Amino acid sequence: MLGFDNIERVKPGGLELADRLVSVNRVTKVTKGGRAFGFSAIVVVGNNDGIIGFGLGKSKEVASAISKAVDDAKKNLVKVPVINNTIPHQTSARYGGADIFLRPASAGTGVIAGGVVRIVVESAGIKDILSKSKGSSNPHNVVKATFKALLEVRKPEEIARMRGISLDKVFNG
């Protein structure tokens with residue numbers, strides 16, 4: 001999913017996953033017999049505890065497009081580090097024309113995010129975060145840019161190990 005090798009993939013078995021619809025798009029194919037309508041749906045699934053995935057589904061009916069998207073999302077689950085209901089450090093990512101900036105927030109701040117980014121971070125179980133979405137507002141690219149930003153977030157234990165210092169020193173200098 002998005003070409004990262006340090007991501008932690010998760011199997012959907014035994015997880016309580018909630019799915020949230022991001023967008024449904026009606027697409028038209030013009031044929032010699034007239035117009036053929038179809039639907040594409042993008043869905044985000046998560047367990048509100050750091051495990052999230054997104055999927056795309058296409059079909060002639062909305063309901064089957066959504067169910068295909070949910071099935072696709074369950075195949076692409078990843079683990080995101082969530083510490084004290086926020087992310088450990090700020091990050092940003094770009095996918096297509098969408099540019100996303102995510103910053104940790106203190107307890108009680110809430111989710112300061114627009115529609116698509118809000119759906120993704122709430123599905124991950126993040127309750128306090130500051131974000132800014134710049135550039136394209138295309139839901140597909142915003143979802144992928146948000147995932148890319150969340151996958152770039154590293155655990156404090158990993159940073160301490162890489163730098164050869166204690167975990168306490170990572171937080172307190």
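All values below were derived from every heavy atom in this structure, side-chain atoms included, with hydrogens, water molecules and symmetry-related copies excluded. Here the structure is a predicted model, which is why all the values come from computation and not from measurement.
- One hydrophobic cluster, built from ILVMFWY side chains closer than 4.5 Å, holds both L21 and L77.
- Proximity of Y95 to H140: side-chain heavy atoms (C-beta onward) are nowhere separated by under 4.5 Å.
- Checking side-chain atoms of R118 against main-chain N and O of V111 turns up a donor-acceptor pair under 3.5 Å.
- Between the S23 side chain and the I42 main chain, no donor and acceptor come within less than 3.5 Å of each other.
- Interatomic distance, CZ of R103 versus OG1 of T86, reported as 11.0 Å (0.5 Å rounding).
- Annotation for K79: atom NZ counts as buried by contact number, over 12 foreign heavy atoms lying within 6.0 Å.
- The two residues F101 and Q90 have their closest heavy-atom pair at CZ-OE1, 3.8 Å.
- Nearest heavy atoms, F37 versus K60: O-CD, 3.5 Å.
- Counting only distance, with no hydrogens or angles, the side chain of S131 and the backbone of I112 share a donor-acceptor pair below 3.5 Å.
- Taking each heavy atom of A93 and A145 in turn, the nearest pair found is CB-O, 3.5 Å.
- We find the OG1-CG distance between T146 and L151 to be 10.5 Å, quoted to the nearest 0.5 Å.
- Between the CG atom of N48 and the NZ atom of K127 there is a distance of 6.5 Å, given to the nearest 0.5 Å.
- Taking 4.5 Å as the limit, some side-chain heavy atom of V142 sits within range of a side-chain heavy atom of I100.
- S106 is not listed as a side-chain neighbour of D128, based on a closest heavy-atom distance of 4.5 Å or more.
- Here D49 contributes atom CG and S123 contributes atom OG; the two are 12.5 Å apart, rounded to the nearest 0.5 Å.
- When hydrophobic clusters are built by joining Ile, Leu, Val, Met, Phe, Trp and Tyr residues whose side-chain heavy atoms come closer than 4.5 Å, directly or via intermediates, I87 is not grouped with I83.
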Test R154 against H89 for side-chain contact (heavy atoms from CB on, under 4.5 Å), laying out the working first. CA-CA 8 Å; R154 295 184 300 179; H89 59 85; 4.2 Å; yes
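- Paired with L17 under the rule side-chain contact (heavy atoms from CB on, under 4.5 Å), one option of N47, V70, I52 passes, and it is N47.
- Both L15 and V43 are members of a single hydrophobic cluster when ILVMFWY side chains are connected at heavy-atom separations under 4.5 Å.
- Residue N84 places its CG atom among 12 or fewer non-hydrogen atoms of other residues, nucleotides or ligands, all under 6.0 Å distant.
- Closest approach of A105 and L130 over heavy atoms only: CB-CG, 4.0 Å.
- Counting heavy atoms from C-beta outward, L150 and I126 have side chains that approach closer than 4.5 Å.
- Side-chain N or O atoms of K68 include one that pairs as donor or acceptor with a backbone N or O of K58 at under 3.5 Å.
- V45 is connected to V62 through a chain of hydrophobic side-chain contacts under 4.5 Å among Ile, Leu, Val, Met, Phe, Trp and Tyr, so both are in one cluster.
- Residue R20 places its CZ atom among more than 12 non-hydrogen atoms of other residues, nucleotides or ligands, all under 6.0 Å distant.
- Checked by atom type and distance alone, the side chain of N76 never pairs as donor or acceptor with a backbone atom of G53 at under 3.5 Å.
- Pairing each heavy atom of V116 with each of P139, the nearest pair is CG1-O, 4.0 Å.
- Across all non-hydrogen atoms, the minimal contact from L56 to S40 is CD1-CB, 4.4 Å.
- Distance check: D72 CG to S67 OG gives 11.5 Å after rounding to the nearest 0.5 Å.
- Here the side chains of V120 and F147 are in contact, with some heavy-atom distance below 4.5 Å.
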